[in-house]
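We use all heavy atoms of the structure for the numbers below, so side chains are in, but hydrogens, waters and symmetry mates are not.
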Amino acid sequence: MSTTTTNQSGAGAPGRRKAPAGERVADWADGRLGIYTLAKANMRKIFPDHWSFMLGEVCLYSFVIIILTGVYLTLFFHPSMSEVVYHGSYVPMQGMRMSEAFQSTLNISFDIRGGLLIRQIHHWAALIFLAAMFVHMMRVFFTGAFRKPREVNWLFGFLLFVLGMFTGFTGYSLPDDLLSGTGVRFMEGAILSVPIVGTYISMFLFGGEFPGSDFVPRFFSIHVLLLPGIMLGLLVAHLILVVYHKHTQYPGPGRTEKNVVGMPLMPVYMAKAGGFFFLVFGIIAAIAAIASINPIWAIGPYRPDQVSTGAQPDWYMGFAEGLIRVMPGWEINLWGHTLVLGVFIPLVIFPLVLGAIAVYPFIESWVTGDKREHHLLDRPRNHPTRTAFGAAWIAAYFVMLVGGGNDLWATHFHLSINAITWFVRIGFFVIPVLVFIATRRMCMGLQRRDKDKVLHGRESGIIKRLPHGEFVEVHEPLSQEELHTLTSHEQPKPLELGPEVDENGVKRKIGTSEKLRVKLSQGFYGEGTQIDKPTAEEYQEITSGHGHH
């Protein structure tokens, strides 16, 4: 704080230099907000440095870009379904009847200075935000960063991803064009398939029979107020927990569960983060300037009696659409009511899959019995079962993504749409299993390779002839840092049921849940899931008497 003394009238003491204006403002704020103490405690906080940590930053910066561009678009968009006749600057549509929402979107695209660029930046930033969220969550999953004490933060990130999906869907629907209207109609049909409450949910969203005259204003309120507000709160909570729990880091020399090795927040990390923000913004702006997205003028306004050709959702909704497209059209009639299983079952499967992802940290903690805090990340190869689960889920997602675009696959590759549909139906159950098995085997192979490198060193490509005529390859020893990275990981043991009788010789009752837990634990850490780490005795035995090592 400033050392300048003041008299009762607030003037500086005679002979003393008056503090600069910035310092006086800082002193004033510190006296009321305690910013010096806050800065001293947090500005020198250490953050580790690794390229994969930038994935979370891409999510953050994309979200900021979405907010900034969304505020600009809100100034010119009219969320109304009142019918008007278009007389704007886009000549091919002059005289057409359309909603005011569609007309204002055309005006943003053709009459507002920079409007089309901002619109496309907004749309591309939304796609990149969700893609970055997907990859970021997979990084967290494969490295085990979701373990205690970060389970709640995993839930926050998961909710951000899910809310981002629905925020993107509501925003995609606002222009009231033929493509988005088809998607909204698709969603309305899925909602109506829900027994008992589906009709009420549809009436609540649309204010009556579809399309009605209220869904654009309602979606607008949800898109610009409700969902972004919740997401902003979750994002702040997510970042607070990152700071509170300290950042995870990859294992290496000097890195333990009790410290963080990296660079301070100020000035190093903030300078890098600021530059990276402008880099992300520039790349998204360049993509938006080069690649057209959602050209509503080429599609036309929504009409209930038309469906646009090749109607596809954005990629993040492809899984849900694929489930419904490939599901057989089963129906059953009960007490005079029709239950459309062909739509309802996929509508149930989708949240169940998402729910399984959300609770996975708690499932793994229960199965493995690991209740310790973890601040060091895992190498995915050292946890083959977890890595295989993640790879299998990604495979299932992409199989359903093919199902969500089965018509485009059929037309572009001259295939039968029925053949594609049956491929997706069978592949949804078969391909993830095959990917699970293959991923576990690859992880085991990589573990064997690591063990071989520790014992024999790195292959140098230099061939040497020994005195007795044998040709061998010279192996270079690994550095201490590499040896630490390859051998510092833990190899947990699977849980066991324990004795069948207690200390008094009475047969102990073993519950079904305990048996299931032990069985799953064997699958995680049992035989065939990890290669034993090399020992010092093995290293001495191999290296002794072999000059080529």
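Classified by interplanar angle (parallel below 30°, tilted 30° to 60°, perpendicular above 60°), the ring pair Phe389/Phe524 is tilted. Ring-plane geometry between Phe319 and Tyr397 is classed as parallel, the angle between the planes falling under 30 degrees on a 0 to 90 degree scale with a further cut at 60.
Side chains of Asn382 and Gln447 form a contact here, defined as non-hydrogen atoms less than 4.5 Å apart. Proximity of Pro48 to Tyr250: side-chain heavy atoms (C-beta onward) are nowhere separated by under 4.5 Å. Between Phe186 and Ile324 there is a side-chain heavy-atom pair separated by less than 4.5 Å. Under the 4.5 Å side-chain criterion, counting only non-hydrogen atoms from C-beta, Arg440 is in contact with Thr529. In this structure the side chain of Tyr72 never reaches within 4.5 angstrom of the side chain of Leu68, judged on heavy atoms. Looking at Thr387 and Met442, their side chains never come closer than 4.5 Å, going by heavy atoms from C-beta outward. Contact check for Lys148 versus Arg372: no side-chain heavy atoms found under the 4.5 Å cut-off. Residues His383 and Phe142 have side chains not in contact (no heavy-atom distance under 4.5 Å, counting atoms from C-beta outward).
Among residue pairs with one or both ends in residues 181-207, those qualifying as salt bridge (Lys or Arg N to Asp or Glu O under 4.0 Å) are Arg185-Glu188; sequence neighbours excluded. Residue pairs meeting the ring-ring contact (aromatic ring centres under 6.0 Å, His included) criterion with at least one member in residues 148-170, sequence neighbours excluded, are Phe146-Trp154. Residue pairs satisfying the side-chain hydrogen bond (donor to acceptor under 3.5 Å, both in side chains) criterion with at least one member in residues 191-200, sequence neighbours excluded, are absent. Note on residues 280-291: no pairs pass side-chain hydrogen bond (donor to acceptor under 3.5 Å, both in side chains), not counting sequence neighbours.
The side chain to side chain contact (heavy atoms under 4.5 Å, CB included) search around Thr167 returns His223, Leu227, Met231, not counting sequence neighbours. Glu364 is linked by a side-chain hydrogen bond (donor to acceptor under 3.5 Å, both in side chains) to Tyr360, Arg386, counting only residues two or more places apart in sequence or in another chain. Every side chain to side chain contact (heavy atoms under 4.5 Å, CB included) that Thr74 has, sequence neighbours left out, goes to Phe220, Val224. Residues passing the salt bridge (charged side-chain N to carboxylate O under 4.0 Å, His left out) test with Lys533, sequence neighbours excluded: none. Scored by the side chain to side chain contact (heavy atoms under 4.5 Å, CB included) test, Ile46 finds Val260, Pro264 as partners (sequence neighbours excluded). Judged as a side chain to side chain contact (heavy atoms under 4.5 Å, CB included), and not counting sequence neighbours, the contacts of Pro20 are Arg17, Glu23. In terms of the salt bridge (charged side-chain N to carboxylate O under 4.0 Å, His left out) criterion, residue partners of Asp450 (sequence neighbours excluded) are, by chain and number, Arg379, Arg381.
For Phe398, the CZ atom counts as loosely surrounded, since its 6.0 Å shell holds 12 or fewer non-hydrogen atoms of other residues, nucleotides or ligands. Applying the 6.0 Å contact sphere to CG of Leu352 captures more than 12 heavy atoms from other residues, nucleotides or ligands. No more than 12 heavy atoms of other residues, nucleotides or ligands sit less than 6.0 Å from atom CZ of Arg441. A 6.0 Å sphere centred on NZ of Lys371 holds more than 12 heavy atoms belonging to other residues, nucleotides or ligands.
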- Query: Should Thr170 and Leu174 be marked as a side chain to side chain contact (heavy atoms under 4.5 Å, CB included) after you check the CA-CA gap, both sets of side-chain angles, and the distance that decides it?
  - Reply: CA-CA 7 Å; Thr170 52; Leu174 290 180; 5.8 Å; no
- Message: Between Leu130 and Met165, is the side chain to side chain contact (heavy atoms under 4.5 Å, CB included) condition met? List the steps.
- Response: CA-CA 7 Å; Leu130 284 160; Met165 292 171 59; 4.1 Å; yes
- Would you please test Ile437 and Val433 for side chain to side chain contact (heavy atoms under 4.5 Å, CB included) and show each step? CA-CA 6 Å; Ile437 296 170; Val433 175; 4.1 Å; yes
- Message: One pair to check against side chain to side chain contact (heavy atoms under 4.5 Å, CB included): Met137 and Phe141. What are the steps and the verdict?
- Response: CA-CA 6 Å; Met137 290 186 69; Phe141 181 88; over 6 Å; no
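Between the side chain of Gln491 and the backbone N or O of Ile531 there is at least one donor-acceptor pair closer than 3.5 Å. Distance alone, capped at 3.5 Å, is enough to place a donor-acceptor pair between the Arg517 side chain and the Trp366 backbone. Between the Arg255 side chain and the Gln249 main chain, no donor and acceptor come within less than 3.5 Å of each other. Looking at Asp177, its side chain does come within 3.5 Å of a backbone N or O of Leu179 through a donor-acceptor pair. Panel note: side chain His78, backbone Ser80; no donor-acceptor pair is recorded below 3.5 Å. Without hydrogens or angle criteria, Asp176 side chain to Met81 main chain gives no donor-acceptor distance under 3.5 Å. Without hydrogens or angle criteria, Ser202 side chain to Gly198 main chain gives no donor-acceptor distance under 3.5 Å.
Note that CE of Met187 is 11.5 Å distant from OG of Ser180, once rounded to the nearest 0.5 Å. The CG atom of Leu159 sits 12.5 Å away from atom CG of Leu235, with the distance rounded to the nearest 0.5 Å. Atom CZ of residue Phe53 and atom CG of residue Leu377 lie 5.5 Å apart, to the nearest 0.5 angstrom.
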Tell me which donor-acceptor pairs under 3.5 Å the side chains of residues 270-295 have, and how far apart each pair is, sequence neighbours excluded?
residue, atom, partner, partner atom, Å
Lys272, NZ, Asp49, OD1, 3.2
Lys272, NZ, Asp49, OD2, 3.4

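Of all heavy-atom pairs spanning Leu127 and Asp314, the tightest one is CD2-CG, 3.7 Å. The shortest non-hydrogen separation linking Ala396 to Phe428 is CB-CE1, 4.2 Å. Contact between Val261 and Gly254 at its shortest, heavy atoms only, is CG2-O, 3.7 Å. The two atoms that bring Glu257 and Glu373 nearest to each other are OE1-O, 4.1 Å, heavy atoms only. The two residues Pro251 and Leu376 make their nearest non-hydrogen contact at CA-CD2, 4.2 Å. The two residues Gly526 and Pro494 make their nearest non-hydrogen contact at CA-CG, 4.0 Å.
Ring centroids of Trp315 and Tyr172 are separated by 6.0 Å or more, keeping the two rings apart.
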